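Since the structure is predicted, the reported quantities are computational estimates derived from the model, not experimental observations.
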Amino acid sequence: MSDLNTQMPSGDDVTQRHDLKPAFSHDLFEQVLQRKNLQTAWNRVRANKGADGINGMTLDEFPAWAKAGHWKTVTTDLESGQYQPSPVRRIEIDKPDGGKRQPGIPTVTDRVIQQAIAQVLTPLFDPGFSKHSFGFRPGRNGQQAVKQVQSLIKEGRRFAVDVDFSKFFDRVNHDLLMTHLGRKVQDKRLLKLISQYLRAGIIDNAFYIESREAAPQGGPLSPLLANIMLNSLDQELEKRGHKFARYADDFSSLAKSRRTGERVLRCISYYLKNRLKLVVKTTESQFLGFTFRAGCIQWHPKTQLKFKQQVRRLTNRNWGVSMRFQLFKVNQFLRGWINYFGIAALRRSG
DNA sequence: AATGATCCAAC
RNA sequence: AUUGUUGGAUCAUU
């Protein structure tokens with residue numbers, strides 16, 4: 001209540017605590033449902049041009065549906081705790097490296113609600129995340145993570161602990177995640193809603209699958225929840241002085257000795273269970289599409305192969321369009337690609 | 001200062 | 001057909 005405000009000392013302390021807002025944390029559910037917040041959430045969902053969820057409603061159909069009074073029903077249900085999120089629609093997409101990913105597509109309505117939640121929770125949680133965490137976070141990107149690894153190697157750390165947490169999110173303890181959320185979210189209604197999203201389930205070819213453990217990927221809230229889960233890992237490693245960079249579920253820690261590297265592994269063993277874990281020389285390490293050899297950041301061989309294949313696909317001209325348009329497409333492609341992988345060419349000091 | 005579209009990458 | 005976050009490039013508009 002407002003007595004929390006009266007506890008705030010006047011003077012210097014206030015400026016140091018400007019990022020903490022205990023007086024508002026009970027109020028988060030209202031913040032989520034603010035008209036302006038919902039509007040920007042919808043704008044984002046629409047801009048993504050995503051596919052329809054399990055109820056088959058497309059982005060084009062949504063505005064009319066919402067205007068017809070259905071959105072009013074949704075908000076009143078949300079406020080009364082009666083709202084039930086729909087299961088996600090499971091799809092399968094090929095990864096560039098040949099593997100498969102199976103994200104779930106929430107309905108348009110649920111995407112708007114999740115996005116609205118994410119917009120409120122991100123400013124609450126992101127400032128508390130580790131400076132060594134680079135994935136899915138505002139103002140941060142993969143290049144920064146790669147450069148971080150590069151500079152750690154330059155400090156003489158020759159051993160890389162390479163870990164892939166990609167299967168980690170298939171088995172996430174919902175209670176533990178809710179505990180982490182509860183540290184900053186006091187609003188019980190919001191906690192309950194997020195919990196419902198975790199358990200909403202999956203429809204795979206008309207068959208319903210429970211989601212008692214999995215953290216379904218594909219919703220606007222999912223990346224933030226992933227970072228909240230692995231933030232405890234980051235904090236633990238930092239407390240012990242280990243040096244690392246994490247980009248979502250891709251992780252690399254650099255150590256000066258194999259022994260220290262193995263200590264890192266023990267530290268994160270809870271998160272690993274039986275999953276892939278390695279301590280290798282940094283020259284054999286790979287991270288976010290790059291390798292680190294002779295003090296340089298280089299393209300990973302797989303990245304080079306992918307690049308060549310893409311260029312060949314674009315320059316194969318059996319697809320009767322004008323030369324001019326084709327040239328435009330190739331230029332567009334090269335611009336974006338070089339923009340990301342261009343850092344390999346720079347940074348050859350060391 | 002905004003906001004709309006196209007595209008690229010990481011996961 | 002293919003969801004999502006984040007970063008970036010380009011173009012366009014008041």
Colleague: Count the heavy atoms belonging to other residues, nucleotides or ligands that lie under 6.0 Å from CZ of A:R46, then report whether that count exceeds 12.
Modeller: yes
Colleague: Return the value, rounded to whole Å, for the distance between atom CG of A:D94 and atom P of C:U3.
Modeller: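 Atom CG in A:D94 sits about 14 Å away from atom P in C:U3.
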Colleague: Considering just the side-chain nitrogens and oxygens of A:K306, establish if one lies under 4.0 Å of OP1 or OP2 belonging to B:dA10.
Modeller: yes
Colleague: Out of C:G7, C:A9, B:dA9, which nucleotide sits closest to the side chain of A:R335?
Modeller: C:A9
Colleague: Between A:E236 and A:K239 (salt bridge meaning N to carboxylate O under 4.0 Å), is one present in this structure?
Modeller: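 So A:E236 pairs with A:K239 through a salt bridge.
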Colleague: 5'-most contact on RNA chain C: A:D52 or A:P223, nearest heavy atom basis?
Modeller: A:D52
Colleague: Please tell me which of A:Q217 and A:R140 maps to the more 5' nucleotide of RNA chain C, matching each residue to the nucleotide holding its nearest heavy atom.
Modeller: A:Q217
Colleague: Touch check for A:G53, heavy atoms < 4.0 angstrom, all strands: base, sugar-phosphate only, or nothing?
Modeller: nothing
Colleague: Using only side-chain N and O atoms of A:N48, determine if any of them is under 4.0 Å from OP1 or OP2 of C:G4.
Modeller: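 Yes, A:N48 has a side-chain N/O under 4.0 Å of OP1/OP2 on C:G4.
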Colleague: Answer yes or no: does a side-chain N or O of A:Q115 lie under 4.0 Å from OP1 or OP2 of C:U3?
Modeller: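 Indeed not, no polar side-chain atom of A:Q115 lies that close.
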Colleague: Identify which nucleotide among C:U6, B:dA9, B:dC7 has an atom closest to any side-chain atom of A:P138, counting heavy atoms from C-beta outward.
Modeller: C:U6
Colleague: Whole Å only: how far is the CZ atom of A:F129 from the C1' atom of C:U6?
Modeller: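 A:F129 atom CZ is separated from C:U6 atom C1' by 13 Å.
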Colleague: Which whole-number value in Å describes the distance from A:Q310 CD to B:dA9 P?
Modeller: 6 Å
Colleague: Is A:K131 salt-bridged to A:D234, going by a charged N under 4.0 Å from an acidic O?
Modeller: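 A:D234 and A:K131: not salt-bridged.
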Colleague: Closest nucleotide of DNA chain B for A:G336 versus for A:G289: which of these residues is on the 5' side?
Modeller: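 The residue mapped nearer the 5' terminus is A:G336.
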Colleague: Classify A:Q144 by what it touches in the nucleic acid, base, sugar-phosphate, or nothing, heavy-atom distance under 4.0 Å.
Modeller: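 The answer is nothing, as A:Q144 stays clear of every strand by at least 4.0 Å.
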Colleague: Using the side-chain heavy atoms of A:R46, tell me which of these nucleotides is nearest: B:dA10, C:G7, B:dG4.
Modeller: B:dG4
Colleague: Do the rings of A:W337 and A:F307 sit parallel, tilted or perpendicular, given the 30° and 60° boundaries?
Modeller: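 The arrangement is tilted - the two ring planes meet at 30° to 60°.
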Colleague: Taking donor-acceptor contacts at under 3.5 Å, does the side chain of A:R111 reach the base of C:U3?
Modeller: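 Per atom types, no contact qualifies.
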Colleague: Could you give the CG-to-P distance, from A:L121 to C:U6, as a whole number of Å?
Modeller: 13 Å
Colleague: Across the strands shown, which category fits A:G50 at heavy-atom distances under 4.0 angstrom: base, sugar-phosphate, nothing?
Modeller: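 Here A:G50 touches the backbone only, sparing every base.
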Colleague: Using a heavy-atom cut-off of 4.0 Å across all strands, would you classify A:Q102 as base, sugar-phosphate, or nothing?
Modeller: nothing
Colleague: Among C:U5, B:dC8, C:G7, which nucleotide sits nearest the side chain of A:W337?
Modeller: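 Per side-chain heavy atoms of A:W337, the pick is B:dC8.
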Colleague: Does a side-chain N-to-carboxylate-O contact under 4.0 Å join A:E238 and A:K243?
Modeller: no
Colleague: Can you establish whether the number of heavy atoms outside A:K36 located under 6.0 Å from its atom NZ is more than 12?
Modeller: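 At most 12 heavy atoms, drawn from other residues, nucleotides or ligands, come within 6.0 Å of this atom.
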Colleague: When you get a sec, tell me which of B:dA9, B:dA5, C:U2 is the closest nucleotide to the side chain of A:A47?
Modeller: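 Out of B:dA9, B:dA5, C:U2, the nucleotide with an atom closest to A:A47's side chain is B:dA5.
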Colleague: Round to the nearest Å and state the distance from A:L327 atom CG to B:dT6 atom P.
Modeller: 21 Å
Colleague: Just how far, in rounded Å, is P of B:dC8 from CH2 of A:W299?
Modeller: 14 Å
Colleague: Under 4.0 Å, heavy atoms only, any strand: does A:K49 hit a base, just the sugar-phosphate, or nothing?
Modeller: sugar-phosphate
Colleague: Classify the side-chain pair A:N43/A:T40 by whether it contains a donor and acceptor separated by less than 3.5 Å.
Modeller: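 Short answer, no.
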Colleague: Mind checking A:L288 for me? I need base, sugar-phosphate or nothing, with any heavy atom below 4.0 Å counting as a touch.
Modeller: sugar-phosphate
Colleague: Between B:dT6, B:dA9, C:U2, spot the one nearest the side chain of A:Q332, thanks.
Modeller: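 The closest nucleotide is B:dT6.
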Colleague: Provide, to the nearest angstrom, the distance between the CG atom belonging to A:L334 and the P atom belonging to B:dT6.
Modeller: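 Atom-to-atom, A:L334 to B:dT6, this comes out as 20 Å.
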Colleague: For the side chain of A:P220, starting at C-beta, report the closest nucleotide among C:U6, C:U5, C:G7.
Modeller: C:U5
Colleague: Answer with base, sugar-phosphate or nothing: what part of the nucleic acid does A:F333 contact at a heavy-atom distance below 4.0 Å?
Modeller: sugar-phosphate
Colleague: Under 4.0 angstrom, heavy atoms only, what part of the nucleic acid is A:R44 near: base, sugar-phosphate, or nothing?
Modeller: sugar-phosphate
Colleague: From CG of A:N141 over to C1' of C:U6, roughly how many Å is that when rounded to an integer?
Modeller: 8 Å
